[in-house]
Amino acid sequence: MPTPAVMWFRQDLRLADNAALKAAAEAGPLVCVYVLDDATPGGWAWGAASRWWLHNSLVRLAEGLARFNVPLVLRRGPADKVIAEILHETGAASLHFTRDYAPWSGALEQRVKTIATEAGAACHRYGGFLLHEPEAIRTGQGQPYKVFTPFSRACFALGDPRPPRPAHKNLKAWEGRIKGDKLEDWRLLPRRPDWSTGFAIWTPGEQGARQRIETFIDDALSDYAEGRDRPDLARTSRLSPHLHWGEISPVQCWTAIRSAMAAAHGRLDRQGEKFLSELLWRDFSYHLLHHWPDLPSTAFQEKFAAFPWRHDPKALRVWQRGETGYPIVDAGLRELWATGYMHNRVRMIAASFLIKDLLIDWRQGETWFWDTLVDADIANNAASWQWVAGSGADAAPYFRIFNPVLQGEKFDPEGDYVRKWCPELRDLPNAVIHRPWEHEAGVKGYPARIVDHAAARHRALLALKSLS
DNA sequence: CGCTACTTGGT
DNA sequence: CCAAGTAGC
């Protein structure tokens with residue numbers, strides 16, 4: 001029996017444009033494995049919504065491999081220990097995997113390399129999760145970037161990435177057998193099945209990712225630059241969970257958008273560039289996380305360590321349930337609970353409300369999003385919460401406090417988004433849909449405001465002042 | 001990837 | 001009184 005090559009699937013749950021899989025397939029008959037590792041990430045084990053996605057994505061990946069009669073072996077435990085076992089059980093000559101950039105991953109990948117070497121297997125690590133490796137982008141001074149705009153300029157200056165690799169025509173399985181878990185036994189689906197019924201809007205898996213980007217290009221790209229800010233319109237790409245699990249690579253996305261731009265002979269240039277720059281935001285978050293691994297837990301700007309956060313579990317609960325009395329905030333948190341997703345503009349508004357209006361520590365919001373978002377992502381989540389908190393690397397020179405009424409009126413002008421998620425407000429006229437407390441007849445069943453925004457804003461400015 | 005307060009110039 | 005523009009946080 002020829003010695004196999006082990007393909008360790010991680011956040012690269014796709015067959016196409018997968019450098020690790022390609023190399024493994026060329027190195028020998030395949031042993032494909034996914035390891036569920038809840039130990040190594042410490043407090044950042046996959047949240048509940050992520051687990052729902054992972055379950056479905058693994059089903060799809062296993063189906064894709066089954067077309068080549070290649071099984072997907074499922075194992076559970078600390079990844080380094082499990083990989084060591086797999087290498088010994090199979091006598092593999094090589095191990096292939098795609099790099100990831102979580103704070104614990106550098107050390108993990110180092111241990112795996114040592115283990116593989118000791119087991120007599122060549123260890124190969126590949127990029128592909130990002131457009132640019134975090135070490136590859138440097139300022140003129142050789143330092144990592146702290147500000148997005150020059151970072152993205154440096155990326156654009158490098159030109160387009162190499163085109164994606166096509167999917168395999170053939171994959172060959174190792175003929176030996178090793179034991180694996182049954183996916184159902186991992187119990188990745190929520191215990192309360194009613195919670196995830198609204199997740200049916202998603203199609204996890206490589207095929208779903210491909211459909212998603214096609215639909216996006218056809219339906220939304222032509223108006224992306226402005227439309228992306230409108231939660232009442234379906235103009236965001238919704239690719240984030242697919243990208244997070246590597247069902248589509250950022251290079252595939254980049255190339256698809258570039259082709260659409262070329263096919264439109266320049267008419268889509270501004271819209272397309274906007275989307276490409278959003279893809280670079282994702283790279284930027286990982287760039288920050290890689291160089292500042294404390295980003296998920298510690299304010300980047302040191303003076304924020306002394307910020308007088310309020311301990312208020314009741315208010316946190318009100319925010320989580322979407323019962324703050326501010327329609328755009330509540331709609332966002334209810335959309336999150338129902339679908340595992342929140343529109344990006346609304347994420348900023350909802351996050352600002354938790355931090356600035358309720359003075360609740362951004363880490364509590366970060367934790368909630370980690371558990372409830374299907375696209376929960378360690379780098380994007382941390383960088384974005386810090387950005388809203390004003391404690392991040394590229395903080396605005398002023399203490400930005402979103403006004404939930406003005407934001408609602410600006411970005412959900414007809415109130416369609418708010419009416420969808422807060423049906424109690426359905427019959428309010430547009431003029432007061434984002435300020436229901438001004439409706440003379442009152443509103444049945446909708447909560448009163450948890451704080452007065454003007455007063456809360458004043459309080460937040462005082463809290464900031466206390467830092468200097 | 002803002003907001004408020006204030007000014008100006010208009011009705 | 002309002003709309004538009006802008007300084008300053």
Side-chain angles (χ1 to χ4, degrees), chain A residues 145-153 155-156 220 223-233 235-240 270-285 287-288 300-301 303-304 307 326 328-329 331-332 341-359 362 365-366 369 375 377 379-413 417 431 434-435 449 451-468:
Chain A
Y145 282 95
K146 298 179 183 182
V147 181
F148 175 72
T149 307
F151 173 85
S152 72
R153 207 173 293 133
C155 293
F156 274 119
D223 181 39
Y224 181 69
E226 287 74 32
R228 63 183 297 279
D229 262 330
R230 291 283 300 273
D232 54 335
L233 310 172
R235 300 286 162 76
T236 54
S237 76
R238 293 187 175 243
L239 283 165
S240 49
R270 197 173 68 84
Q271 315 293 334
E273 297 268 347
K274 186 71 191 173
F275 181 82
L276 297 181
S277 116
E278 294 303 316
L279 273 181
L280 289 175
W281 267 103
R282 177 174 173 275
D283 265 37
F284 181 59
S285 296
H287 182 81
L288 291 177
F300 188 94
Q301 312 247 347
K303 71 168 187 177
F304 274 82
F307 196 92
Y326 286 89
I328 192 81
V329 174
Y341 183 84
M342 194 194 304
H343 185 280
N344 178 254
R345 166 59 52 178
V346 188
R347 290 187 200 199
M348 295 192 273
I349 303 167
S352 176
F353 192 84
L354 183 76
I355 297 167
K356 309 285 169 71
D357 286 65
L358 299 181
L359 289 182
W362 58 271
E366 184 191 24
F369 276 21
D375 64 15
D377 182 279
N380 291 327
N381 202 29
S384 302
W385 275 96
Q386 292 230 32
W387 181 86
V388 177
S391 66
D394 56 346
Y398 45 85
F399 196 55
R400 184 194 283 116
I401 300 172
F402 283 71
N403 181 323
V405 176
L406 297 181
Q407 288 282 313
E409 290 173 345
K410 185 166 177 192
F411 296 110
D412 180 27
Y417 176 76
H434 291 291
R435 44 180 108 211
R449 287 175 292 171
V451 288
D452 171 70
H453 174 70
R457 176 176 190 277
H458 185 64
R459 180 174 70 170
L461 289 169
L462 286 178
L464 180 77
K465 221 173 181 180
S466 75
L467 294 184
S468 47

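To find a chain, count down the sequence lines: A is the first, B the second, and so on, and within it residues start at 1.
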Visitor: Parallel, tilted or perpendicular: which fits the ring planes of A:H287 and A:F151, with parallel below 30° and perpendicular above 60°?
Guide: tilted

Visitor: Remember a base hit wins even if backbone is also touched, and classify A:F399 as base, sugar-phosphate or nothing at under 4.0 Å, heavy atoms.
Guide: nothing

Visitor: Can you tell me how the ring of A:F148 sits relative to the ring of A:F284, calling it parallel under 30°, perpendicular over 60° and tilted otherwise?
Guide: perpendicular

Visitor: Heavy atoms of chain A, cut-off under 4.0 Å: which first and last nucleotide of DNA chain B, 5' to 3', fall inside that, if you could look?
Guide: B:dC1 to B:dT4

Visitor: Under the criterion side chain to side chain contact (heavy atoms under 4.5 Å, CB included), I'd like the reasoning laid out for A:R228 against A:F275: C-alpha separation, chi angles, the key distance, then a yes or no.
Guide: CA-CA 9 Å; A:R228 63 183 297 279; A:F275 181 82; over 6 Å; no

Visitor: Base, sugar-phosphate, or nothing for A:L461, non-hydrogen atoms under 4.0 angstrom?
Guide: nothing

Visitor: Grab the two heavy atoms, one from A:A389 and one from A:W362, that are nearest each other, plus how far apart they are.
Guide: CB-CD1, 3.8 Å

Visitor: Parallel under 30°, tilted from 30 to 60°, perpendicular over 60°: which one fits the rings of A:F353 and A:Y326?
Guide: tilted

Visitor: Quick one: stems involving DNA chain C, counted as three or more successive Watson-Crick or G-U pairs, both distances short of 3.5 Å.
Guide: B:2-10 with C:1-9

Visitor: Check the pair A:Q386 / A:S391 against side chain to side chain donor-acceptor pair (under 3.5 Å), numbers first and verdict last.
Guide: CA-CA 5 Å; A:Q386 292 230 32; A:S391 66; 2.9 Å; yes

Visitor: Quickly work out the A:R457 CZ to C:dC9 P distance and round it to whole Å.
Guide: 13 Å

Visitor: C:dT6 P sits how many Å from A:Y398 OH, rounded?
Guide: 16 Å

Visitor: Answer yes or no: is there an ion pair linking A:R282 with A:D375, defined by an N-O contact shorter than 4.0 Å?
Guide: no

Visitor: Answer yes or no: is there an ion pair linking A:E226 with A:K274, defined by an N-O contact shorter than 4.0 Å?
Guide: no

